[in-house]
Each structure stands twice: as structure tokens, then as C-alpha cells.
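Worksheet for the structure shown next.
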Amino acid sequence: MRMNQGVEWAVHVLLSLAWVDNDRPVSTAALAASYDLPPAYPHKQMQALARASQMIADVKAEADAHAPSAARIARKAYGRD
């Protein structure tokens, strides 16, 4: 099975960003240039990553609100709740 090109590119970019030593932002234009892509492509893919990240955060928050966390279960078990 072949990975979607957008997903593959996103993985490459996330790894590249993880290897950057400083905490300064990296523009999508710089990312596009480093991968020899049109500037609009990384912008579009980064927007998709941001939406997916927010969706995952929303699902996690919803799950945390409805299911007791391990820490909450431990506090209750040891009478510290």
C-alpha cells in the first residue's frame, strides 16, 4: 500500500521541523523551496495538519471529559480524590 503524497510530504516536513535547532517559525515558502514544490502546496498541507491536530485535540478532550483518567482513578483508589 502506498502512502498518500500529502501525508508523505507532511511526515518529511514534521521530521525536518523537529531537527531544526531553534524555536523560530519556518515559512511555508522556505519549506516549499527545500522540497522544490510550488509555495501553495506546503501551505495547503500545513493547513490540513493544523485541522487534523485540532480535531485530535477535540476528540481527546471529549474522551477525557467522559472517561476517568488513570490519575483520577488512582486518586480515588487511594482516597485522595
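Just so you know, these numbers use all the heavy atoms, side chains as well, and skip hydrogens, waters and symmetry mates.
Here the straight-line distance linking atom CD of Q47 with atom OG1 of T28 works out to 9.0 Å at 0.5 Å rounding. Taking CD of Q45 as the reference point, atom CD of E8 lies at 11.5 Å (rounded to 0.5 Å).
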Working for side-chain contact (heavy atoms from CB on, under 4.5 Å), residues L49 and M46: CA-CA 5 Å; L49 279 173; M46 295 304 280; 3.9 Å; yes

Evaluation steps, side-chain contact (heavy atoms from CB on, under 4.5 Å), between Y41 and W9: CA-CA 10 Å; Y41 184 77; W9 181 84; 3.9 Å; yes

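Nearest approach of A32 to P38, heavy atoms of both residues: CB-O, 3.9 Å.
A donor-acceptor contact shorter than 3.5 Å links the side chain of Y35 to the backbone of H12.
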